[in-house]
Amino acid sequence: MSQEVRVRFAPSPTGPFHIGGARSALFNYLVAKHTNGKFVVRIEDTDRKRSTSESEENIKEALKWLGITWDEGIDVGGADGPYRQTERLDIYQKYTDKLLAEGKAYYCFCTPEELEAEKNAQLAKGETPVYSGKCADLPKETVEQYLKEGRPHVIRIKTPKNETIELDDLVRGHVSFDSNNVGDFVIVKSDGIPVYNYCVVLDDALMHITHVIRAEEHLSNTPRQLVIYKALGFDAPQFAHVSLILGADKKKMSKRHGATSVQQYRDMGYLPDALVNFLALLGWTPDSDQEIFSRDELNEQFSLSRVAKNPAVFDIEKLNWINFHYMKELDEDALYTLCLPHLQKAGYASENPDSREAAWLKSVCAAMREHVQYGAQIVDAAKVFFTEDYAPENEETAAVLAEETAPAVLSMFRDELKALDEVTADTVQPLFKKIQKGLKVKGKFVYMPIRVAITGVMHGPDLNVIVALMGREKVLDRLSAVLDK
RNA sequence: GGCCCCUUGGUCAAGUGGUCUAAGACAUCGCCCUUUCACGGCGAGAACAUGGGUUCAAAUCCCGUAGGGGUCACCA
């Protein structure tokens, strides 16, 4: 009862680190933090064809970036290592021998063709495809004979017949399965590598995992794993199957939904704290109206009992809102650091800005901060300073320049700007008032034409700030381009 | 197809039989602030998939139907 909570995240390094995986990792991490337990990270790489060390690095890097650290596991070690499944093969072997010796598992020599035919026949009858158990009762001599001949074989575990396999899932509640739909399944492949369902059980049991928190897609695997726990004589842990993250079309989130990997969000200039905050809220709700959570608040408040059963659509708008919130708390230097790579990529900033350029870029970022929800958006927001393609973006915008008073405003502003000793945000601001009084027009009719003339758009930061940042010459050029047309 | 899970506004979701003429947030729209644009503030529209039960009373419990998803591998 007072046993320490031990949870784990066990990704397979077979590709970019998916946002769904990140959420699973986060939930596990938060449960560990909340209960003062231990969080273990283990690598499931038994699929040797698809596993790569690059993706293992990716995953570890992404976890660290998100601030999801682990107490035991890969790279950090621990009492129950090794933490990479391909390094645990001898451990699995030991238990397989035991299972074999106890008659709880057996060799199967069926060919893939036979199996395929069997399966199709069952499917045709509308039944769940289940292995017939043909090899379960092969005479000992036959087995030895076949083995000596070197016949390809797998090892299957015996699954009880006519039993109900039940579990009390921490998020789904009571779930039950008919053991007849499980059948004697493979635990060791013909290449001698044990299969996932078998390794997880052994690893989780040997690593003393108390709570298995993972995505719902594993729910149907659970009865198999329960069969293994029983055969091995281990107590099963508590399970918590968290529903999937869906794309806007309510289908499981995949590449065609846009960015699905953690590194893509990192590269787009999202903040780790924001992503974590957003992911936590995807499926979990606090006991209050709170939306923004510090790490400590998350650790303190997170609980599996408030995790929803239904799948959640990944709403990028909400992520943007949360990220925007976190960006507001960045000081100018941090904001600049976040935005700089994007400006460089767009060709708006040099590889190594000198102090003069850096200071100017920093001011640009600061001026644009209310118009940027994540790093990459700085490019679009700051475009006006770097491109000559600033013609009015649409008809509504163009109409501003066609206003009766526009030419007079523009031309007065040009003259006033020329006459200024020094162009700063503070020295420019009074000019607008002067124009208003001089020409007797409303504010809107002075700000808007100037804004459109020099930026091409009707929105953006304070006009005086834009003018100061853009510099007298460029502003004058742009004004003239409109006036002298 | 078999098995399993899910179903409250466009989205995330609160809600565990009466306090629901159903909370909050994102998004949308409107107003205010601002002699420009945003930010911000205030407000509005917008939902219990469906049919039967049970009950004095159901978004909440039971059964069916529909829809969505997952899984049925010598992938993880």
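- A/Glu216 has no carboxylate O lying under 4.0 Å from a charged side-chain N of A/Lys309, or vice versa, which leaves the two without a salt bridge.
- Base contact: A/Thr128 has a heavy atom under 4.0 Å from a base atom.
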With 3.5 Å as the limit, what N/O pairs link the protein to nucleotides 42-44 of chain B?
none

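- In secondary-structure terms, RNA chain B builds stems of at least 3 consecutive Watson-Crick or G-U pairs, each pair having both distances under 3.5 Å, at B:1-7 with B:66-72, B:10-12 with B:24-26, B:28-32 with B:40-44, B:49-53 with B:61-65.
- Among the nucleotides B/U7, B/G1, B/C26, the one closest to the side chain of A/Lys318 is B/C26.
- Within the nucleic acid shown, A/Arg306 comes within 4.0 Å of sugar-phosphate atoms alone, with no base atom in reach, counting heavy atoms only.
- Distances from the side chain of A/Lys309 to the nucleotides B/C12, B/A76, B/C6 place B/C6 closest.
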Ignoring hydrogens and angles, write down the donor-acceptor pairs under 3.5 Å from the side chains of residues 400-411 of chain A, residues two or more places apart or on other chains.
none

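- A donor and an acceptor atom, one from each side chain of A/Glu166 and A/His174, are located under 3.5 Å apart.
- Ranking B/U36, B/A76, B/C26 by closeness to the A/Trp321 side chain, first place goes to B/C26.
- When the nucleotides B/C74, B/U36, B/C37 are ranked by their closest atom to the side chain of A/His371, B/C37 comes out on top.
- Nearest nucleotide to the A/Val313 side chain, out of B/C12, B/C37, B/C4: B/C12.
- Side chain to side chain, A/Gln85 and A/Asp203 meet the donor-acceptor criterion of an N or O pair below 3.5 Å.
- Nucleotides B/A58 and B/G52, compared at atom C1', are 14 Å apart to the nearest Å.
- A salt bridge links A/Glu44 to A/Arg42: at least one charged side-chain nitrogen sits closer than 4.0 Å to a carboxylate oxygen.
- Contacts of A/Glu217 with the nucleic acid, taken as non-hydrogen atoms under 4.0 Å apart, involve only primed sugar atoms and P, OP1 or OP2.
- Contacts of A/Asn221 with the nucleic acid, taken as non-hydrogen atoms under 4.0 Å apart, include base atoms.
- The pair A/Lys318-A/Glu291 meets the salt-bridge criterion, since a charged nitrogen lies less than 4.0 angstrom from a carboxylate oxygen.
- In the model, A/His153 has no side-chain atom that pairs as donor or acceptor with a side-chain atom of A/Tyr106 under 3.5 Å.
- Comparing B/C6, B/G1, B/G40 against the side chain of A/Pro129 picks out B/G1 as the nearest.
- At least one side-chain heavy atom of A/Leu147 sits under 4.5 Å from a side-chain heavy atom of A/Phe109.
- Of the candidates A/Phe278, A/Phe314, A/Tyr374, A/Tyr265 forms a ring pair (Phe, Tyr, Trp, His ring centres under 6.0 Å) with just one, namely A/Phe314.
- Residue A/Tyr447 places its side chain closer to B/U36 than to any other of B/U7, B/C3, B/U36.
- With hydrogens and angles left out, the side-chain atoms of A/Tyr270 and A/Asn320 include a donor and acceptor closer than 3.5 Å.
- Contact annotation for A/Ser190: base contact, defined as any heavy-atom pair under 4.0 Å involving a base atom.
- Residue A/Asn320 contributes atom CG, which lies 9 Å from atom P of B/A27 at whole-angstrom precision.
- One donor-acceptor pair, N or O on each side, does fall under 3.5 Å between the base of B/C75 and the side chain of A/Arg50.
- In this structure, the nucleotide among B/C74, B/G1, B/C12 sitting nearest to the side chain of A/Ala312 is B/C12.
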